[in-house]
Every structure is written in structure tokens, then in C-alpha cells.
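See structure below.
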Amino acid sequence: IKETEDTNTLIFKSENSGELTFIAGKYLNLFIDGVSKMYTISSSPEKDFIAISVKKQKNFSVKLHNLKVGDEIKYIGPFGFLCLTEIDENKKDRELIFLSAGIGITPFSSILDSEKVNGFKNKISLFYANKNRENTIFYNKFKKLDEEFENFSIYHYWSEDNNKMTIEKIVDKLGNLENKIFLICGPIKFVEEYWEKLKDDGVDEDDILTESFFAQ
């Protein structure tokens, strides 16, 4: 499935006995020609398939883009901690804030699809940074969720429009940073920057979950 000019979603069926079970936000370690790379599952656990959304960047991602229908690929997993199950039990009812840049949106795609099934019990706000509208993965899907569910809001930030995501803009939308759980995913520099800024603004480390992506 072509998502943007350089990003495709690949749909896989597992040959294991039964379908692969996982928690939304987890990733798999994929193997091609003896080389392995990690990719987050972008589909929800409620589906009968596994989706991996891949931005064409370097050697491994090019090989994934070149796969044909019927090709087989090995994997191990799932792994990862960017999951709502990692939130402390006494904080499960808090508002959830997702901060993402570029292809770092994939775990949130899985989590949001899963939460949609549950009717969005928690209030969720997604802050999503990209180059422009054309490079925004899952734009239409998130727009539809925003229109259908009162408990979900999305805020886009496009650098080509001189609209960079900042903590100040996030606070302006949220009102404050208190009693919230933050999940951050994107390039390492992006994740480190917002982890530090949230801490500097008084957010407890235990209330921040992160996962970093790098070019593959």
C-alpha cells in the first residue's frame, strides 16, 4: 500500500501455528539475506495480518520495498516497551500525549487503531511533525479518527510551512503538562530533545515512554 512518495505499508501473514499475537506498539526484528533490522508493527493486534510501514531510506528498507506478493521473510519478536501496558496501573486513566516525527508514527498507528476498537476510553492527543502534508503518513486515517471520536485530537506541524513543533505550542493546546502520560517516537535527536524538554518543564521521567528510530 503506497502511503506517501517514499513510504509503503507491507502486509504479511504469519506461517506460525495461529496468527502472531502482540501488544500495540511492539516491533519485529526482520531478516533478509542474513541481515536484520527492527520495524514497528503499524497495524493493530485485532487484525488478522501484520502491517509494517517502511520509509525507503537505505539498503534494508530498499529490499523491503522490492518485495513481491508471495515473497517470504523471517522475523523474531515481538519486542518493545512503547505500549500502553507499560503505564503504571494507578495512572491508566490519565490523558495520553503522543509526540511523533516522520516514520516514528508507526507505533501510534497500531495503538490508535487498537484504542479505536475500545472506543478511546482515554483522552488522546497526537502531535505529529513532518516536512509537509504530502509526506504525512496516515494523514487521512488520523483525520477521520479526529472527526469521529471526541476523545482524540491530532495536531500537525509542517516544517515547510515554518510551523515547527515546540513545547510551547504543545502546552498551548493542552493547557498544562500535569497528570499526563507522554509517549515519544521518532529520530533519536527528536526523541532526546522532547524527553529533555518535558523533564525541564517538570514532567516525571516515569511518565515518559520513548522509542527512537534510525535510518534503515
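What you are looking at is a predicted structure, and each value in this text was computed from that prediction instead of being measured. We number each residue from 1, following the sequence as shown.
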(request) Ignoring hydrogens and angles, state whether a donor on the side chain of Lys141 or Ser109 is under 3.5 Å from an acceptor on the partner side chain. (result) yes

(message) Donor-acceptor check, side chain of Asn66 to backbone of Val62, threshold 3.5 angstrom: yes or no?
(response) yes

(request) Please confirm whether the backbone N or O of Ser43 pairs with a side-chain atom of Ser110, one donor and one acceptor, at under 3.5 Å? (result) yes

(request) Determine the interplanar angle of the Phe120 and Phe149 rings, folded into 0 to 90°, and report it as parallel if under 30°, tilted if 30 to 60°, perpendicular if over 60°. (result) tilted

(request) Answer yes or no: is there a side-chain heavy-atom contact under 4.5 Å between Lys55 and Ser61? (result) no

(message) Between Tyr128 and Ile137 (side chain of the first, backbone of the second, donor and acceptor by atom type, cut-off under 3.5 Å), is there such a pair?
(response) yes

(message) Checking the side chain of Ser153 only, and the main-chain atoms of Ser125 only, is there a donor and an acceptor separated by less than 3.5 Å?
(response) no

(request) Treating Ile, Leu, Val, Met, Phe, Trp and Tyr as nodes and any side-chain heavy-atom pair under 4.5 angstrom as an edge, say whether Ile52 and Ile32 lie in one connected cluster. (result) yes

(message) Between Arg94 and Asp207, does any NZ, NE, NH1 or NH2 come within less than 4.0 Å of an OD or OE carboxylate oxygen?
(response) yes

(request) Please say which of Asp6, Thr7, Asn8 ends up in a side-chain hydrogen bond (donor to acceptor under 3.5 Å, both in side chains) with His65. (result) Asn8

(request) Identify the two heavy atoms, one from Met165 and one from Ser100, that lie closest to each other, and give their separation to 0.1 Å. (result) CE-O, 3.8 Å

(request) In plain terms, say whether Asp48 and Lys13 are close enough for a salt bridge, that is, a side-chain N and a carboxylate O under 4.0 Å apart. (result) yes

(request) May I ask you to test the Ile73-Leu64 pair for a side-chain heavy-atom distance under 4.5 Å? (result) yes

(request) Kindly say whether Ile124 contributes a backbone atom to a donor-acceptor pair with the side chain of Asn122 at under 3.5 angstrom? (result) no

(request) Please work out which of the three classes, parallel, tilted or perpendicular, describes the rings of Phe142 and Phe152, given edges at 30° and 60°. (result) tilted

(message) Would you call the rings of Trp158 and Tyr139 parallel, tilted or perpendicular, taking 30° and 60° as the class edges?
(response) tilted

(message) Contact between Phe213 and Val191 at the side-chain level, heavy atoms closer than 4.5 Å - yes or no?
(response) no

(request) Please determine which of Thr136, Thr9, Asn140 meets the side-chain hydrogen bond (donor to acceptor under 3.5 Å, both in side chains) test together with Glu3. (result) Thr9

(message) Once rounded to the nearest 0.5 Å, what's the spacing between atom CZ of Phe138 and atom CG of Asp113?
(response) 8.0 Å

(message) If you define the side chain from C-beta out and look only at heavy atoms, does anything of Leu183 sit under 4.5 Å from Ile111?
(response) yes

(request) Compare every heavy atom of Glu89 with every heavy atom of Lys92, then report the nearest pair and how far apart it is. (result) CG-O, 3.2 Å

(message) Side chains of Lys173 and Phe127, heavy atoms from C-beta outward: is any pair under 4.5 Å?
(response) yes

(message) Under 4.0 Å between a side-chain nitrogen and a carboxylate oxygen: does that hold for Arg133 and Asp161?
(response) no

(message) Distance to the ring centre below 6.0 angstrom and angle to the axis at most 45 degrees; does that hold for Lys63 and Phe60?
(response) no

(request) Using atom types as modelled and distance alone, determine if a side-chain donor or acceptor of Lys26 lies under 3.5 Å from a backbone N or O of Ala24. (result) no

(message) Taking the side chain as everything from C-beta on, heavy atoms only, tell me whether Leu28 gets closer than 4.5 Å to Phe22.
(response) no

(message) Looking at Asp206 and Lys91, is there a salt bridge between them, counting it only when a charged N and a carboxylate O are closer than 4.0 Å?
(response) no

(request) Answer yes or no: is there an ion pair linking Lys131 with Glu5, defined by an N-O contact shorter than 4.0 Å? (result) no

(request) Check whether any side-chain heavy atom of Tyr155 sits under 4.5 Å from a side-chain heavy atom of Lys169, and report yes or no. (result) no

(message) Do Lys116 and Leu145 have side chains that approach each other closer than 4.5 Å (heavy atoms only, starting at C-beta)?
(response) yes

